[in-house]
Amino acid sequence: MRKPVVLITGAGGEIGHGLIARLSESGSLIITLDISPLDASLAPLVTREFTGSINDLSLLERVLAEFEVDRVFHLAALLSTRSEFTPVTAHHVNVEGTLNLLEFAQHQGESHGRPVVFIYPSSIAAYGFPDLETKTRAGAVTEDQYAHPTTMYGCNKLYCEQLGHYYSRHYKQLSADVIARVDFRCVRFPGLISALTLPSGGTSDYAPEMIHAAAKGQPYDCFVRPDTTIPFMAMPDGVDALLTLAAAPRERLTRSAYNVSAFHPSAAEIRDVVLAAFPEGRIGYAIDQKRQGIVDSWPAAVDDSAARRDWGFDPKYNFERAFQEYLIPTIRQRYRK
Ligand code: SER
């Protein structure tokens with residue numbers, strides 16, 4: 001008999017690193033799909049590594065034939081800055097790739113007769129304010145407010161939230177003999193900050209880049225204004241959110257997409273904390289007006305009370321703890337090696 005496995009797409013990325021470690025500690029069998037081979041540190045933790053594209057349907061068919069997947073963490077995507085340079089490719093990967101994975105999950109569910117839990121990271125990029133004044137006035141926004149993204153990535157994420165809901169609740173609703181087999185669950189992540197990896201191609205990257213550069217003793221110019229504010233979360237809490245949502249009883253879930261966040265410092269506040277920890281760091285500002293415009297369209301804070309109420313979301317790291325207990329000690333150790 002085939003054993004149930006977890007499929008992680010984009011497994012070699014920032015979230016994948018933490019997620020693979022946590023899932024393997026808990027004894028789950030993991031298979032991965034990533035466009036690049038996994039790091040040597042991750043490969044031993046997985047049962048099978050597929051290297052290829054989420055748009056390669058024959059590869060997905062092979063996975064379907066060989067494994068019984070009962071959970072999918074679909075992390076593969078091009079982030080927001082990268083997507084603005086190649087919007088058509090972004091759409092191809094972020095939207096068509098997600099459609100392929102939803103179809104894959106439906107077929108998996110049909111083949112083993114149970115719903116496949118499908119975890120999808122959406123983003124604060126799904127929001128879009130017309131101007132800074134509206135952002136400042138709005139404060140912490142709920143999931144259904146200001147969902148008018150200004151980036152290709154944000155459009156992709158918002159649409160895929162809807163697509164997931166469709167596969168979960170309304171798939172082929174007019175066909176009497178079809179049962180929706182996808183149990184779609186989504187978090188809208190804020191900026192994520194990891195001590196172990198650096199993001200590539202995101203617009204919230206100024207925060208992690210500042211920290212890692214200072215720890216390495218390299219000068220860094222922050223590409224947004226000092227007053228720029230968006231929500232953030234430490235990576236362990238991000239991974240925890242995905243696992244907690246995946247394990248939540250379905251009847252407790254009142255929505256498909258949930259805001260989550262932990263703290264929302266300004267760029268200047270992040271700089272201050274980083275320089276207090278690494279006094280030799282040199283952090284200046286060189287504003288990139290276009291990237292600034294993207295971050296100004298994202299909320300300064302989100303209301304994540306639905307996640308706290310429905311599935312017990314409860315991040316461990318506030319701003320101070322994230323830096324003092326996770327980022328600074330872990331990053332110090334990492335660059336000392
Ligand atoms: N961190 C992401 C980005 O900047 C937002 O989801 O693209």
Side-chain angles (χ1 to χ4, degrees), residues 9-10 13-19 73-87 89-91 93-95 97-98 119-129 135 141 143 146-161 164 186-212 222-225 228-239 241-242 257-265 267 270 287-302 304 307 315 322 327:
T9 71
E14 280 224 286
I15 302 173
H17 271 79
L19 185 63
F73 290 86
H74 174 42
L75 311 180
L78 299 191
L79 292 182
S80 55
T81 288
R82 172 85 195 281
S83 295
E84 285 315 296
F85 287 103
T86 54
T89 306
H91 190 279
V93 174
N94 296 349
V95 174
T98 300
I119 299 294
Y120 181 68
S122 182
S123 160
I124 44 164
Y127 290 105
F129 290 108
K135 164 171 172 160
V141 295
E143 287 85 351
Y146 300 103
H148 307 291
T150 67
T151 59
M152 176 52 107
Y153 173 74
C155 294
N156 297 163
K157 287 290 180 186
L158 186 62
Y159 171 62
C160 288
E161 289 182 9
C186 158
V187 292
R188 271 195 202 157
F189 272 136
L192 290 171
I193 312 179
S194 169
L196 302 173
T197 50
L198 266 167
S200 65
T203 320
S204 59
D205 294 2
Y206 60 91
E209 282 173 1
M210 227 187 267
I211 306 165
H212 284 260
C222 176
F223 57 80
V224 293
R225 291 186 316 268
T228 305
T229 305
I230 58 167
F232 283 98
M233 189 190 274
M235 188 58 85
D237 280 332
V239 169
L242 296 179
Y258 287 92
N259 280 339
V260 290
S261 86
F263 44 88
H264 41 98
I270 299 172
I287 315 301
D288 178 325
Q289 292 303 344
K290 300 235 164 95
R291 294 178 96 186
Q292 178 75 59
I294 291 176
V295 183
D296 284 345
S297 79
W298 293 350
V302 294
D304 57 13
L327 291 168

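Sequence positions, counted from 1, serve as the residue numbers for this chain. Both counts, for ligands and for their atoms, begin at 1 and track the order of listing. Side chains included, hydrogens not; waters and symmetry mates left out as well; all remaining heavy atoms used.
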Any pair with a residue in residues 228-238 that passes side-chain hydrogen bond (donor to acceptor under 3.5 Å, both in side chains), sequence neighbours left out, goes on the list, sorted by first then second residue, please.
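Residue pairs with at least one partner in residues 228-238: T228-Q292.
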Has the side chain of [X] got a donor or acceptor atom that lies under 3.5 Å from a matching backbone atom of [Y]?
X    : Y    : answer
E84  : M152 : yes
D296 : K135 : no
S261 : F232 : no
H264 : V302 : no

Show the protein residues that qualify under the rule heavy atom under 4.0 Å from an atom of ligand 1, listing them in chain and number order.
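L79, S80, S123, Y153, G202, T203, S204, W298.
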Does one side chain, of R188 or Y127, offer a donor that lies under 3.5 Å from an acceptor on the other?
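A donor-acceptor contact under 3.5 Å links the two side chains.
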